[in-house]
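Counting convention: from 1, in listed order, for ligands and their atoms alike.
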Amino acid sequence: MKRGLYVGRFQPFHNGHKAVIDGLCEEVDELIIGIGSAQMSHDLRHPFTAGERVLMIRRALSDAKIPLYIIPLEDIKRNALWVSHVRSMVPPFDAVYTSNPLVIRLFEEAGIPVESPPMYQRESLSGTAIRQKMLDGGDWKKYIPKAAAEVIESVGGVERLCDIAKTDE
Ligand code: NAD
């Protein structure tokens, strides 16, 4: 029985994340999806709450063939203790899947096997590029699973992002 951990901020959950998870579902028996920076919302890099991200992910993966555990993880101020913090919050796991250099480094230092899944269309499939499309009135929906886009629309996510990008000048 192999249980994997995939960590991300998912601001928002997009087709690159979905493609990675579809691949992992073929590789592991159970998958934990850790939603990082869970305490963050309503700012330009983190527009969506942890709960909204749980919904995006759960609905986009409703046909997953393996058990998924979707667990919000608040950041802590000490990187050196973060792996212990994560381990205290999620079920035991055998391997971590990430391409984030800091996350790789921290888990490797803790002696936990790390694998980096392939990147899919990194230029368009990035949270930064998709949030910018939302701000510019571009077609952001084609980069996001339909069910996740519906969650964003249901919470007025684009309007929220545009509002918090304004100034009072
Ligand atoms: P992210 O949502 O940007 O990315 C999640 C994963 O998807 C990453 O592995 C990324 O490389 C991958 N990815 C992105 N685009 C892709 C694409 N097009 N195709 C395939 N894969 C793609 O999230 P992140 O920034 O990696 O999340 C790390 C989280 O860990 C953050 O919330 C961070 O705050 C947290 N963290 C916290 C601490 C602490 O609290 N001290 C320390 C380290 C990390």
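At a heavy-atom cutoff of 4.0 Å, ligand 1 is contacted by no atom of Ala19, backbone or side chain. At a heavy-atom cutoff of 4.0 Å, ligand 1 is contacted by no atom of Glu74, backbone or side chain. Residue contacts with ligand 1 for Tyr6 involve side-chain atoms from C-beta outward but no N, CA, C or O (heavy atoms, distance under 4.0 Å). Neither the backbone nor the side chain of Leu73 comes within contact range of ligand 1; no heavy atom lies under 4.0 Å.
Nearest heavy atoms, Ile71 versus Met89: CG2-O, 3.7 Å. When all heavy atoms of Arg122 and Ser126 are compared, the pair lying nearest together is NH1-CB, 3.3 Å. When all heavy atoms of Met56 and Pro12 are compared, the pair lying nearest together is SD-CB, 4.1 Å.
Near Asn100, meaning under 4.0 Å from one of its heavy atoms, ligand 1 places the atoms 9 (O), 24 (P), 25 (O), 26 (O), 28 (C). Under a 4.0 Å criterion applied to the non-hydrogen atoms of Pro118, ligand 1 contributes the atoms 20 (C). Per-residue contacts place Tyr120 under 4.0 angstrom from the following atoms of ligand 1 (heavy atoms of the residue considered): 17 (C), 18 (N), 19 (N), 20 (C). Each of the atoms 20 (C), 21 (N) of ligand 1 lies under 4.0 Å from some heavy atom of Val20. Using a 4.0 Å cut-off to heavy atoms of Gly36, the atoms of ligand 1 that qualify are 32 (O). Close approach of ligand 1 to Ser37 is summarised as follows: ligand atoms under 4.0 Å from at least one heavy atom of the residue are 31 (C), 32 (O), 33 (C), 34 (O). Using a 4.0 Å cut-off to heavy atoms of Phe10, the atoms of ligand 1 that qualify are 2 (O). Here is the list of ligand 1 atoms found below 4.0 Å of a heavy atom in Leu125: 15 (N), 16 (C), 17 (C), 18 (N).
Here Leu68 contributes atom CG and Glu30 contributes atom CD; the two are 9.5 Å apart, rounded to the nearest 0.5 Å. Atom CD of Gln11 and atom CZ of Phe48 lie 6.5 Å apart (nearest 0.5 Å).
Considering only non-hydrogen protein atoms, atom 15 (N) of ligand 1 sits nearest to Arg122 NH1, 3.1 Å. The single protein non-hydrogen atom nearest to atom 30 (O) of ligand 1 is Trp82 CZ2, 3.6 Å, given as residue, atom name and distance. Atom 11 (O) of ligand 1 has its closest protein heavy atom at Met119 CE, 3.1 Å. Residue, atom and distance of the protein heavy atom nearest to atom 40 (O) of ligand 1 are Ile76 N, 2.8 Å. Looking from atom 4 (O) of ligand 1 to the surrounding protein, the closest heavy atom is His17 NE2, 3.7 Å.
The backbone N or O of Thr49 lies less than 3.5 Å from a partner atom in the side chain of Glu52, making a donor-acceptor pair. Proximity of a side-chain donor or acceptor of Arg53 to a complementary backbone N or O of Phe13 within less than 3.5 Å is not detected. Looking at Arg160, its side chain never comes within 3.5 Å of a backbone N or O of His42 through a donor-acceptor pair. A donor-acceptor pair under 3.5 Å is formed between the side chain of Asn15 and the backbone N or O of Lys142.
Ring pair Phe10/Tyr6 is tilted by interplanar angle, where 30° to 60° counts as tilted.
Between Arg9 and ligand 1, a contact under 3.5 Å exists for at least one N or O pair.
At a 4.0 Å cut-off, not a single heavy atom of His85 sits close enough to ligand 1 to count as contact. Assignment of Ser116 to the shell around ligand 1 is not supported, since no heavy atom sits closer than 4.0 Å.
Nearest-residue assignment for atom 41 (N) of ligand 1 (options Val7, Asp75, Asn79; heavy-atom criterion): Asn79. For the residues Ala129, Gly8, Ser99, the heavy atom positioned nearest atom 8 (C) of ligand 1 is part of Ser99.
Follow the hydrophobic side-chain contacts under 4.5 Å out from Val103 and you reach Tyr69 in the same cluster. Under the 4.5 Å side-chain heavy-atom criterion for grouping Ile, Leu, Val, Met, Phe, Trp and Tyr, Tyr97 is connected to Tyr120 within one hydrophobic cluster.
A salt bridge links Lys141 with Glu153; the closest basic N to acidic carboxylate O contact falls under 4.0 Å.
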